[in-house]
Enquirer: 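The following block contains the structure, expressed as structure tokens.
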Amino acid sequence: SMQGVSIEQAKQALLRALGGLQPGDRFNIIEFNSHANALFPSSVPVDGVNVERAQAFVNRLQANGATEMRAALRLALRSPPSVSYLRQIIFITDGAVGNEEGLFKMIAAGLDGGRFFTVGIGSAPNSWFMRKAAEAGRGTFTTISALHEVGEKMDRLFRKLENPQVTNIELQ
């Protein structure tokens, strides 16, 4: 279902994300279709070699197979979050989703203090699932329906990730 413009939108979004990483950040990319495949065994530090490998990985992505999200979510959630980092997962898809309730539970239970953001690509993502999954993960849902929107919408999402709205709150 990612044939044509959708895969190009997804690639542009990923390349933009890679370009926005800062020294000290850690990252990984998980490709999914009928199967899930992580670029690295676990998140790696941002450096020239890792970013170049990631860019090459993204440029080789092709649209094929089904949209099986469970395996991709399992890979993204499997490693425990580091005390030094806020784990933020950005989930990009254009596909339909099955077993929505099970996926919501997996997200909520597996984040362990992290955050989950969804990006719907193309004209027909399951917006209800994407919005509810982002809510379960204390994140936001972004929709990209046209290729020319990728830059603006991904930049807006990255500003949210980089600039928390509220910090150091104390209740008495």
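Residue indices begin at 1 and follow the sequence shown.
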Enquirer: Would you please indicate if the ring centroids of Phe91 and Phe117 are separated by under 6.0 Å?
Expert: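 Ring centres of Phe117 and Phe91 not closer than 6.0 Å.
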Enquirer: Other residues, nucleotides and ligands only: do more than 12 of their heavy atoms fall within 6.0 Å of CD on Gln62?
Expert: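 For Gln62, atom CD is not crowded (no more than 12 foreign heavy atoms under 6.0 Å).
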Enquirer: List the residues meeting salt bridge (charged side-chain N to carboxylate O under 4.0 Å, His left out) with Glu101, not counting sequence neighbours, and say none if there are none.
Expert: none
Enquirer: Connecting only ILVMFWY residues whose side-chain heavy atoms lie within less than 4.5 Å of each other, what is the rest of Leu86's hydrophobic cluster?
Expert: none
Enquirer: List the residues meeting side-chain hydrogen bond (donor to acceptor under 3.5 Å, both in side chains) with Asn33, not counting sequence neighbours, and say none if there are none.
Expert: Asn64
Enquirer: Name all residues meeting the ring pair (Phe, Tyr, Trp, His ring centres under 6.0 Å) criterion together with Phe129; count only those two or more places apart in sequence or in a different chain, and write none if there are none.
Expert: Phe104
Enquirer: Keeping to residues at least two apart or across chains, list the salt bridge (charged side-chain N to carboxylate O under 4.0 Å, His left out) pairs with something in residues 12-30.
Expert: Arg16-Asp155
Enquirer: Please list, chain by chain and in numerical order, all residues satisfying side-chain hydrogen bond (donor to acceptor under 3.5 Å, both in side chains) with Gln22, sequence neighbours excluded.
Expert: none
Enquirer: I'd like to check the side-chain hydrogen bond (donor to acceptor under 3.5 Å, both in side chains) partners of Gln55; sequence neighbours left out, ordered by chain and number.
Expert: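 Residues passing side-chain hydrogen bond (donor to acceptor under 3.5 Å, both in side chains) with Gln55: none at all.
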Enquirer: Between side-chain atoms of residues 35-46 and protein atoms elsewhere (two or more places apart, or another chain), which donor-acceptor pairs fall under 3.5 Å?
Expert:
none

Enquirer: Using a 4.5 Å cut-off between side-chain heavy atoms of Ile, Leu, Val, Met, Phe, Trp and Tyr, which other residues end up in the same hydrophobic cluster as Val49?
Expert: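 Same cluster as Val49: nobody, lone residue.
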Enquirer: Residues two or more places apart in sequence or in another chain: which of them pass side-chain contact (heavy atoms from CB on, under 4.5 Å) with Ala146?
Expert: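 For Ala146 the side-chain contact (heavy atoms from CB on, under 4.5 Å) partners, ignoring immediate neighbours, are His148, Glu149.
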Enquirer: Under the salt bridge (charged side-chain N to carboxylate O under 4.0 Å, His left out) definition, can you give me all pairs with a residue in residues 48-65, not counting sequence neighbours?
Expert: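 For residues 48-65, and leaving out neighbouring residues, there are no salt bridge (charged side-chain N to carboxylate O under 4.0 Å, His left out) pairs at all.
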Enquirer: Does anything in residues 131-145 form a salt bridge (charged side-chain N to carboxylate O under 4.0 Å, His left out)? List the pairs, not counting sequence neighbours.
Expert: Lys132-Glu135
